[in-house]
Amino acid sequence: MTGAAPTLLDMVPGDVAALVVTPPGRGERYAALLHRGTCRTAPLADVVAMAASLEREAAPRWVWWSAEDAAAPLVDARIPLARAWDVAEAHRLLHGGWSAAPGECWAAAHGIPVEDVPSPPTDDLFEFAGREDAPADPDSPVDVRGHLRGDHEEWRTDPAHLEAWGRAALETAHLQHDRATATGPRVAGTVHSESAAAVLCLELRRDGLPLDRSRTEELVAASAGPRPETEADERQTRRARDERVLRHVPGRESTDLRNPAQVREMLLAVGVDVPNTRKWVLEPYRTVHPVVDALLDWRRDERIATTYGYRWLDAHVGPDDRLRGRWTACDGAGGRMTAENGLHNLPAALRPGVAAHEGHVLVRADLGQIEPRVLAVVSGDVAFAAATRADDLYAPVAQRLGVDRPVAKVAVLAAMYGQRSGAAGEALAGLERAYPVAMALLDRAYDAGRRGEPLRTWGGRLIPTGRFLTSSPAGADPALDAARGRFARNAIIQGAAAELFKAWAATVRATTRDLGAEVVLCLHDELLVHAPMEHAAEVAVQVDQALEDSARRWAPGAPVRFVADTSVIARWSDAKD
DNA sequence: CGGTGAACGTA
DNA sequence: CGTACGTTCACCGA
């Protein structure tokens, strides 16, 4: 396979197909497929079959209000979707934030006030018909003020209305495309990539993360005790866990360890006076009094018992030993992916439980030093870009600054993320001299954030800083302004890194599918691909190739090198290489 | 019952 | 060495 497979990242204009569906839970579902001037409306299962053959024959760019809405039935039918324009993801990119209901997308695309989007009717439709913003034409999706009708959820349950609903999606997508190309050279490409990520999110939910169930249960048992048979059993285990802490504080056995105020009081009674009971505050006191050590161990075990215990296993791990949760293609800030049910915050202690199934391997790859490399791209700092030629970027930076590597690393991270004080101070001055272009970009972002001005990431995502911590406007509170500044400085780096990551993940998805591989985890700079053992080496090659291809598309001509550490393993916890 | 903050897991 | 997210718990006020 050498790049012949179509990917969602190709900028192929022209052949567009829209898919709209009636909402679930209201009797038989219908769908409409609009392609090359024709519209076919039919029961959902029939349209899914049509979509499958259209994908096979033409691989059009699918337009939908959102992947969750329309692509889910296609993903469930295992149709390998290649290209999409996701109206909701385009809206989030172009206008910022996370909210992207059809009415908002339509209004923003048409340049009419989003505040005036009609709310859905609360109870009876009779009352809605009397509202002054009610549509004049019962068959039109648009009301008298040019907004999408507020009752569209109800209105589009009528299959006769699906064609108009699909045309509204197409109209929105075309307006978004115009706005994207007017906004910047990379924005439409980012929409393609983000739309692919949204489809990937549905596949991640469908496929799940493969676990070794018995190994995972062993790891849970090590912290939470054996699986309780009854509720009394569970209470007993819990009491025993509490007792291992409370035995160190005779006379205070009634302390509720789950209540921070009581814990603080208990600690004060044994001479440990702390402002709060957070882990990093208590850590130095581990050796001062045995109750602190016992408490911190208790917290670790309690976390696994409550959040990642038997209830979690039973609720989210299917009979096929796959951990499933919902995924979103972007959060509300910089645009990272998010996941539910612990997929993004599984404690490292449970990672040995994540394992390839029979006949398969995990191809694990993580991007090395992604954020400073991204800074080199988005700032266009030629000197800093030169440092990315090294596998370890901090080595040439240290050499240029005349400091030790750890100092250089702390200085670069401090420059990107905040604190301009402390040990890194002197090296920071060196950074300003050696890489003034990169440092100036970070300073500009910080200043724009402090003033409450919006920014855009490299790929074009709008970062609104004015609405950040909405309580007061910029200029009213210096502490809040500084927080906005730090947020902005971080968002342009984290957000751009998220864009490159998603382009990479979407490319891997497209180029390894025919090898029987599935992307099963996306973790900000790390990918896990579940692949048949016999294709392990080829998948690993494709993962590395995908990084080169997506980086070149994301930053054409940039003299910046990105590196992935790729390995074929049985368990997530296995050593690299 | 819903919202908030503490706490902590991940990057 | 800052930012982001999701989950659980206790508490608060309705």
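Quick note: numbers below take in every heavy atom, side chains included, and nothing from hydrogens, waters or symmetry partners.
- Comparing atom distances between the Thr338(A) side chain and each of dG9(B), dT8(C), dC5(C) picks out dC5(C) as nearest.
- Across the interface with DNA chain C, nearest-nucleotide mapping of Asn341(A) and Arg336(A) shows Arg336(A) to be the residue nearer the 5′ end.
- Between the P atom of dC5(C) and the CG atom of Asp525(A) lies a distance of 17 Å, rounded to the nearest Å.
- Judged by the 6.0 Å distance and 45° axis criteria, Arg205(A) is not positioned over the aromatic ring of Trp327(A).
- Checked against dA11(B), dT8(C), dG9(B), the side chain of Leu523(A) finds its nearest nucleotide in dA11(B).
- Of all nucleotides listed (dT10(B), dA4(C), dC1(C)), dT10(B) comes nearest to the side chain of Arg351(A).
- Checking the phosphate oxygens (OP1, OP2) of dC8(B), a side-chain nitrogen or oxygen of Arg299(A) falls inside 4.0 Å.
- A straight line from CG of Leu413(A) to P of dG2(C) spans 11 Å, rounded to a whole angstrom.
- Rounded to whole angstrom, the span from the CG atom of Leu257(A) across to the P atom of dA7(B) amounts to 13 Å.
- Between Tyr435(A) and Val412(A), the closest side-chain pair of non-hydrogen atoms is not below 4.5 Å.
- Checking side-chain atoms of Thr237(A) against main-chain N and O of Asp233(A) turns up a donor-acceptor pair under 3.5 Å.
- With rounding to whole Å, Trp280(A) atom CH2 is found 9 Å from dA6(B) atom C1'.
- Look at Asn259(A) and you'll find a side-chain N or O under 4.0 angstrom from OP1 or OP2 of dC11(C).
- Residue Leu346(A) is in sugar-phosphate contact alone, with no base atom involved, counting any heavy-atom pair closer than 4.0 Å across all strands shown.
- Annotation: cation-pi geometry not satisfied between Arg451(A) and Tyr446(A) (NZ/CZ under 6.0 angstrom from ring centroid, within 45° of ring axis).
- Within 4.0 Å of Ala491(A), counting heavy atoms only, lies no atom of the nucleic acid at all.
- Residue contacts shown for Ala261(A) are absent, as no nucleic acid heavy atom lies under 4.0 Å away.
- Between the side chain of Glu499(A) and the backbone N or O of Gly459(A) there is at least one donor-acceptor pair closer than 3.5 Å.
- His524(A) places its NE2 atom 10 Å from the P atom of dG6(C), with the value rounded to the nearest Å.
- When each of dC9(C), dA4(C), dG9(B) is scored by its nearest atom to the side-chain atoms of Asp331(A), the top-ranked nucleotide is dA4(C).
- In summary, the aromatic rings of His91(A) and Trp98(A) are positioned with their centroids too far apart to meet the 6.0 Å limit.
- Rounded to an integer number of Å, the gap from Trp327(A) CH2 to dC5(C) P is 16 Å.
- Residue Glu340(A) is classed as a sugar-phosphate contact, given heavy-atom separations below 4.0 Å to backbone atoms only.
- Residue-level contact check: Arg326(A) touches neither bases nor backbone, having no heavy atom under 4.0 Å from any strand.
- Within the structure, a side-chain polar atom (N or O) of Lys279(A) is placed less than 4.0 Å from OP1 or OP2 of dG9(B).
- Distances shorter than 4.0 Å separate none of the side-chain N or O atoms of Thr307(A) from OP1 or OP2 on dT8(C).
- The CZ atom of Arg303(A) sits 15 Å away from the P atom of dA6(B) (whole-angstrom rounding).
- Between Asp242(A) atom CG and dC9(C) atom P the separation is 13 Å, expressed in whole Å.
- Side chain of Phe487(A), nearest nucleotide from dC9(C), dC1(C), dT3(C): dT3(C).
- Side-chain nitrogen and oxygen atoms of Arg278(A) include at least one within less than 4.0 Å of the OP1 or OP2 phosphate oxygen of dA7(B).
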